[in-house]
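Order of the sequence lines sets the chain letters (A, B, ...), proteins ahead of strands, with each chain counted from 1. Hydrogens, waters and symmetry mates are skipped; everything else that's a heavy atom, side chains included, is used.
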Protein chains: 2
Amino acid sequence: MASYHHGDLRRVLLSTAAEAIAESGPAALSLRELARRAGVSHAAPAHHFGDKAGLLTAFATQGFDLLADALRQAGDDLLDTGVAYVGFAVRHRAHFDVMFRPELYRADDPELVAARARSGDVLREGVARHTGREPDADALAAWSIVHGFATLWLSGALPPRVGDDPEAAARTVIRRLFD
Amino acid sequence: MASYHHGDLRRVLLSTAAEAIAESGPAALSLRELARRAGVSHAAPAHHFGDKAGLLTAFATQGFDLLADALRQAGDDLLDTGVAYVGFAVRHRAHFDVMFRPELYRADDPELVAARARSGDVLREGVARHTGREPDADALAAWSIVHGFATLWLSGALPPRVGDDPEAAARTVIRRLFD
DNA sequence: GTGCCATCTTGTCAATGACAAGTTAGGGTG
DNA sequence: CACCCTAACTTGTCATTGACAAGATGGCAC
């Protein structure tokens, strides 16, 4: 085995990419390095994804689907949904890092657009349940505050005094929006 | 002229980098392309910045200083400060893109640390003026919402219905935090 | 058993970042 | 005013990378 017809290569490459990106960011991602880690030739990734942008498009799509799942599992409370958003960013850092950097992938890819819409719907439903009216400004504010907190947390820009539990800190911050 | 001792190379490279990054993101930045645009040899940038991370460190430092200036000029009202934060992100997109991506540069560089602290101070002072008490959770919430909105705006993830004026939209969103 | 075709390989090219070693000029020193 | 000394920039080179072309392999339908 491990010769021709790996069979599972596409899936393996995506999960290997998650590790590599989590280690050193999307900018440092190398297709050849992925191939090496997966034990295949340097051109194997290109067959499944076309090029680097193709791989990251698939990766971002997977990310939006994972996000939709995570938000759904958080239940009906909007505060929990917000915390789940931050939790997703921390737990799936690599995906989150790529998803909101459209210059790295093909943002008009149909599958990606669909997955992004799915996660957006879950978020908007959560806000609508909470406010009772049509989202818009409320949803945008809620999305902004959780997205901003997650981004700042991941960037390491937050002062140490915030603590080391992102979800607990996020809960405190999000509450400020609903007082 | 335009031979040895360009004189202004460091400044020119930084502003050329701003253009290049604004066009295609920090990941696509090429030192050799910068050198070409500046009309110097492919190794000239390395002399001033050491390597790519060195250039981006200087670039991010410049960004934090520009941010501090922009926030100071916004005046004493916290809402205006928040709008100015978003305005900075939109107007200095390239800097903003790099500043919160520490894996691209040397986050422990002394000059960078100082510049980052300066802009952080301005933000925290604004929040302290508004709430009257010590910042912490309030500052974090305010920072999160403006940073999140700016990031989402730049990523193009926001639905078209938000409009095309980021600062007006930001004002609406930020108000949600202070009701 | 035969052919087909997705899957993967080997080979190659231009571009890039990093480094080494050389060249130039301008400012301070004697 | 001659010297040199050093910062600023150059040319040259190497390993690595992304992309592409062309070939090899083997499972599967018929």
B/Leu55 atom CG is separated from C/dA18 atom P, nearest whole Å, by 10 Å
Picking from C/dT9, C/dA18, D/dG18, the nucleotide nearest the side-chain atoms of A/Leu31 would be D/dG18
By nearest-heavy-atom nucleotide on DNA chain D, the more 5' of A/Glu33 and A/Ala43 is A/Glu33
When rounded to whole Å, the NE2 to P distance for the pair B/His48 and C/dG17 reads 17 Å
side-chain contact (heavy atoms from CB on, under 4.5 Å) filter on A/Ala84, not counting sequence neighbours, yields A/Leu71, A/Ala74
Heavy-atom nearest pair, B/Tyr105 first then B/Val98, reads CE2-O, 3.2 Å
From CG of B/Leu29 across to P of C/dA18 the rounded distance in Å is 11 Å
Quick note, side-chain hydrogen bond (donor to acceptor under 3.5 Å, both in side chains) partners involving residues 16-28 of chain A, not counting sequence neighbours, are A/Glu23-A/Arg37
Applying ring pair (Phe, Tyr, Trp, His ring centres under 6.0 Å) to B/Phe64 and not counting sequence neighbours gives B/Phe100
Rounded to whole Å, the CG-P distance (B/Leu13 to D/dA8) equals 13 Å
Quick note, side-chain hydrogen bond (donor to acceptor under 3.5 Å, both in side chains) partners involving residues 77-95 of chain A, not counting sequence neighbours, are A/Gln62-A/His95, A/Asp80-A/Arg171, A/Tyr85-A/Trp143, A/Tyr85-A/His147, A/Arg91-A/Glu167
Whole-Å distance, A/Leu9 CG to C/dA6 C1', equals 13 Å
Under 4.0 Å between a side-chain nitrogen and a carboxylate oxygen: does that hold for B/Asp121 and B/Arg118? no
Residues passing the salt bridge (Lys or Arg N to Asp or Glu O under 4.0 Å) test with B/Asp165, sequence neighbours excluded, are none
Q. Base, sugar-phosphate alone, or nothing: which one does A/Ala44 contact when heavy atoms must sit under 4.0 Å apart?
A. base
Among the nucleotides D/dT10, D/dC9, D/dA19, whichever has the atom closest to the side chain of A/Asp51 is D/dA19
Atom CZ of B/Arg11 and atom P of D/dC9 are separated, to the nearest Å, by 13 Å
So salt bridge (charged side-chain N to carboxylate O under 4.0 Å, His left out) across residues 142-158 of chain B, not counting sequence neighbours, yields none
With 3.5 Å as the limit, what N/O pairs link the protein to nucleotides 12-15 of chain C?
none

To the nearest angstrom, the NE2-P distance between B/His47 and C/dA20 comes to 16 Å
Sequence neighbours excluded, the answer for salt bridge (Lys or Arg N to Asp or Glu O under 4.0 Å) partners of B/Asp109 is none
Atom CZ of A/Phe49 and atom P of D/dG18 are separated, to the nearest Å, by 14 Å
What residues 18-28 of chain A contributes to the DNA chain D interface at heavy-atom separation below 4.0 Å is none
